[in-house]
Amino acid sequence: MPKSPNHYDALIVGGGLQGLSSAVHLALAGLKPLVLEKDYPGRHASGANAGGVRRLGRDPAEVPLSVASLKIWQALEDLVDDSGGFVACGQIKIAESEAELEGLCRRAEAVRALGFEHEEVIRANELKELVPALAGSCVGGLICREDGAASPFRTVSAFRRKAEALGATVLPGVAVATVKRQRGLWRAETNQGAFEAPSLINTAGAWGGRIAEQLGEPVPLTPKAPMLMITERVAPFLTPVLGCAGRVLSFKQFDNGTLLIGGGHMGRAEPETNRTEIDFAGLAVSSQTVQALFPQLAGVKVNRVWAGIEGVMPDQIPVIGASATEEGAWHAFGFSAHGFQLGPVVGRIIAELVLEGRSSLPIEPFRISRFREAAAAA
Amino acid sequence: MPDAFAFTRLPEPGRRTVTLDFEGAPIEAFPGDSVAAAVLAAGHRLTRTTPVSGTARGPYCMMGVCFDCLMEIGGEANRQACMVEVRDGMQVRRMQGARPLAEPQA
Amino acid sequence: MSRAVPLLVIGAGPAGLAAAAAAAEAGVEVVLLDNQANPGGQIYRGLAAGGAGREALGADYLKGLPLLEGARHAGVEQVSGASVWQVSRERQVHATREGKVEAWQAERLILATGAMERPMPFPGWTLPGVMTAGAGQILLKASGLLPQGRVVLAGSGPLLFLLANQYLSAGVTPAALVETTPGGRLMQSLNLLPGALRAPAYLTKGMGLLRAIRRIPRYRQARDLQAEGGEALEALSFTAQGGRHRVACDLLLLHQGVVPNLQMTRALGLAHDWDGRARCWRPRLGAWGESEIAGIAVAGDGGGIVGAAASALQGRLAGLQAAHRLGALSEAERDRQAAPLQRALARERAARPFLDQLYAPDEAFLAPSDETLVCRCEEVRAGQIRAWVGLGCLGPNQTKSFGRPGMGPCQGRMCGLTVSEIIAKERGVSPAEVGYYRIRPPILPVTLGELATLEDSTDHAEVPESL
């Protein structure tokens with residue numbers, strides 16, 4: 001018997017990249033997910049991020065997921081009919097001193113010990129070849145040659161379109177107030193009425209902690225507002241995405257010549273009102289960092305500054321996995337300002353969890369109960 | 001090379017003038033003029049080409065709003081010519097597309 | 001380090017000059033910032049420096065002299081050439097002046113950032129040689145420059161007639177005056193005329209202007225404007241009076257009214273209301289021009305277009321209130337001084353609804369044809385914005401992700417209203433529902449070098465020294 005149009009298999013709370021990717025993978029398996037988005041898809045962290053597609057420098061727990069996700073990025077057209085603007089321009093973490101370079105060498109060894117080869121040390125001469133404009137004081141770096149960058153909004157849009165094409169429903173402007181499980185169904189009360197489905201997926205980003213709290217498993221999530229600056233157009237001079245071993249930075253040049261400067265300095269976030277406020281002290285530090293690497297950019301003008309609202313966890317890694325308190329509920333939130341690259345694989349993990357009850361990748365470190373366990377141990 | 005267009009100036013006898021270098025040629029202006037006014041007064045409507053398509057632009061609003069009069073002034077790229085007052089000996093050039101990456105300082 | 005100051009006023013036009021003077025007269029220490037070399041704003045541009053074109057500019061221009069003198073006499077500290085690029089909700093202000101960053105921490109702040117010309121997009125409006133009528137006036141006021149070649153004035157609104165008159169007085173006869181006000185406007189506005197008759201000076205002045213410009217070839221109800229040229233303007237063509245016309249010209253000056261300059265109030269996150277008659281937004285303000293943020297008020301055209309005379313009155317009222325809030329003026333004294341100003345303000349504002357209705361811009365320029373460049377910086381055309389709406393784009397902020405309008409150096413000043421109007425029309429809703437670009441600091445492009453100097457002047461200044 002055909003399902004009635006209002007029957008859904010899963011309620012996905014949050015229409016960012018994690019939610020839309022979950023919708024794509026669930027719909028590929030023949031399910032009918034419903035994505036409830038309080039603003040519009042990609043309004044917050046998924047749309048307002050630097051677009052880095054980076055395995056470089058990840059937490060050891062994230063490395064297997066990140067490596068698997070890059071494989072999806074490399075063939076993203078096969079999944080969502082669009083590349084998301086992904087270009088494998090490389091990512092480099094720069095060392096400004098011999099001590100920093102030694103640290104990067106140790107890091108590369110540690111990654112190799114995990115069984116991965118993607119992080120590679122380069123010396124000053126190769127760094128100069130790859131980034132000729134860089135200040136001569138830089139002594140080397142750590143490179144992931146196949147990493148790169150993509151367009152956040154284009155990626156989010158591609159996942160949304162694909163999800164809808166596969167039969168998922170995406171509803172913008174629908175804010176979830178409460179979620180509750182009754183008679184084996186999850187029921188979300190929203191500003192646009194109630195919706196029900198057997199499964200609940202919490203991909204609500206900075207607002208994910210509120211959903212978890214309603215499931216009886218509060219988490220120490222802090223809403224933060226990572227700031228990004230974008231400059232006027234400059235004649236092309238930079239191909240890879242740059243970071244620093246000893247400073248907070250993410251720096252790249254778009255094809256149109258504009259420079260994007262980010263990396264983690266935080267503004268103030270007001271999740272209640274969607275407002276973010278810029279903290280100029282943080283921008284000053286970012287500007288000093290760019291000037292240290294590229295003294296010739298001192299006169300370049302910053303045209304825009306923006307900040308999206310993101311959920312940051314105390315251990316800087318996300319919550320991914322089944323609810324520890326409720327049946328039929330899964331989480332994927334709190335990506336702590338580096339979830340964009342993971343998005344494609346996280347949706348696959350969620351679909352595996354919903355359909356098979358297990359993930360093919362190691363996700364134990366991301367279990368939601370880790371905070372309760374830590375509190376109990378203390 | 002000036003195009004066909006020109007302004008005349010209301011007479012103010014005895015007022016001293018300054019001289020700018022515009023694209024390698026001297027143009028005369030009065031203290032208090034903005035660079036954009038001086039360039040227009042000298043008969044040049046075109047002050048830059050855009051970094052997006054390379055098409056020609058000139059000053060539009062003359063009050064700091066439109067950012068269409070961006071010029072290289074005193075060696076600094078993309079300055080609003082309508083917001084910079086002329087000085088004797090000032091070097092003024094049209095912006096041609098995106099700003100160049102300056103040579104690294106020695 | 002930020003310099004602490006009891007009252008900071010931003011913008012030295014009629015509202016800012018009057019606000020600063022009123023508070024300073026009450027004994028308040030006032031700093032008045034302005035981005036020009038001399039005070040006076042755009043309306044009195046060049047007046048403080050002698051006003052090269054003052055003969056041609058007429059008697060109204062000289063009304064700025066008492067305002068300039070009032071601020072000077074009251075002991076207002078005037079800081080010129082200061083480009084303000086950040087104003088925080090905590091009333092911290094950053095500006096660049098002569099290449100250096102300066103910062104102030106104000107106890108109270110009055111924003112008097114005035115108006116800008118409403119952009120008038122149509123095919124060819126980006127050609128060199130196409131400028132605003134306001135730009136024509138600025139060239140005359142600040143530099144005594146008169147167009148020598150063929151000049152055409154086009155658009156709607158009183159400034160067009162005023163400029164035509166000023167050019168005639170100076171001996172320049174424009175090649176054409178091309179009016180874009182659609183037919184039937186006068187009839188639509190008549191119900192607002194009784195109010196306007198309370199301010200008869202505006203109407204008699206308007207009639208006088210219209211009489212004076214009879215010598216100029218005039219086209220009415222013009223539409224389908226097209227500025228033609230290769231590298232620069234060569235002609236304006238348009239349809240009017242039953243046929244297509246082409247007027248060769250070197251300079252085309254456009255005008256379709258002025259709108260509030262809202263970058264600062266937007267960046268502060270104030271609520272803004274859509275004014276359906278004036279077709280623009282204005283910040284939501286309470287009595288005395290005070291905003292919802294403690295200590296921040298708005299005066300003059302930046303709070304909604306009122307004109308120079310009413311702006312000065314609003315400025316004085318905001319200045320009195322600031323002095324009162326700072327303890328320099330009793331409530332009774334504030335009210336005593338305010339009463340005649342408030343009466344005069346009511347009279348001044350009486351003609352505004354009639355004028356707004358009569359000279360409301362034509363729809364064709366609010367939501368122009370598909371081929372028209374809307375965002376001059378990023379070169380985005382109206383048709384692209386319409387196509388994005390078809391793809392599900394609901395508002396101006398999303399358009400940035402589709403194709404970068406509003407993301408160039410002007411930060412949306414030139415395309416913001418048009419983008420909102422186009423999306424609203426496509427969606428069949430009011431611009432109020434569609435909204436406007438989110439504006440964030442810096443509200444002017446600022447160099448990395450300037451930003452890098454901030455570390456010791458921002459938040460750290462407020463952190464108490466540890467023992």
Side-chain angles (χ1 to χ4, degrees), chain A residues 85 89 92 94 96 124-141 151 229-242 244 249 251-261 287-305, chain B residues 20-24 34-36 38-39 46-87 89-106:
Chain A
C89 54
I92 306 175
I94 292 164
E96 295 173 85
N125 53 347
E126 191 182 353
L127 183 60
K128 192 76 189 167
E129 267 172 44
L130 292 167
V131 191
L134 194 62
S137 55
C138 299
V139 298
S151 160
M229 294 191 265
I230 193 137
T231 71
E232 62 191 348
R233 294 170 194 247
V234 181
F237 70 96
L238 176 64
T239 305
V241 181
L242 302 183
C244 283
L249 179 72
F251 184 67
K252 75 164 176 174
Q253 184 170 35
F254 288 103
D255 287 347
N256 65 28
T258 59
L259 302 173
L260 182 128
I261 303 163
S287 305
Q288 289 161 4
T289 302
V290 172
Q291 278 196 80
L293 299 181
F294 300 98
Q296 63 275 47
L297 295 180
V300 168
K301 291 186 183 73
V302 172
N303 279 350
R304 280 168 45 77
V305 174
Chain B
L20 313 184
D21 181 303
F22 175 65
E23 296 283 354
S34 65
V35 171
V39 169
L46 195 168
T47 50
R48 69 163 180 144
T49 60
T50 68
V52 179
S53 67
T55 49
R57 292 284 172 88
Y60 177 75
C61 79
M62 293 300 289
M63 56 180 280
V65 175
C66 75
F67 289 76
D68 246 329
C69 63
L70 297 175
M71 300 183 83
E72 184 197 300
I73 301 174
E76 269 184 66
N78 277 344
R79 294 189 72 188
Q80 286 178 281
C82 75
M83 298 296 284
V84 179
E85 203 173 316
V86 293
R87 274 199 334 270
M90 204 173 231
Q91 302 278 323
V92 179
R93 294 184 166 278
R94 294 185 175 104
M95 283 300 302
Q96 305 285 355
R99 71 177 293 142
L101 178 72
E103 287 302 308
Q105 280 144 17

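In what follows, every chain begins at residue 1, and chains take the letters A, B, ... in the order their sequences are listed. Quick caveat, the model's predicted, so the values are computed rather than measured.
Arg99(B) contributes a side-chain N or O that, together with a main-chain N or O of Gly299(A), makes up a donor-acceptor pair within less than 3.5 Å.
For the atom pair Leu238(A) CG and Leu101(B) CG, the distance stands at 9.5 Å (nearest 0.5 Å).
No more than 12 heavy atoms of other residues, nucleotides or ligands shown are found within 6.0 angstrom of CG on Asp255(A).
Across Pro100(B) and Ala235(A), no two heavy atoms sit closer than the pair CA-CB, 4.1 Å.
Residues from residues 58-85 of chain B that place a non-hydrogen atom less than 4.5 Å from a non-hydrogen atom of chain A comprise Ala77(B), Asn78(B), Arg79(B), given in numerical order.
Scanning for side-chain hydrogen bond (donor to acceptor under 3.5 Å, both in side chains) contacts around Arg87(B) gives an empty result, with sequence neighbours left out.
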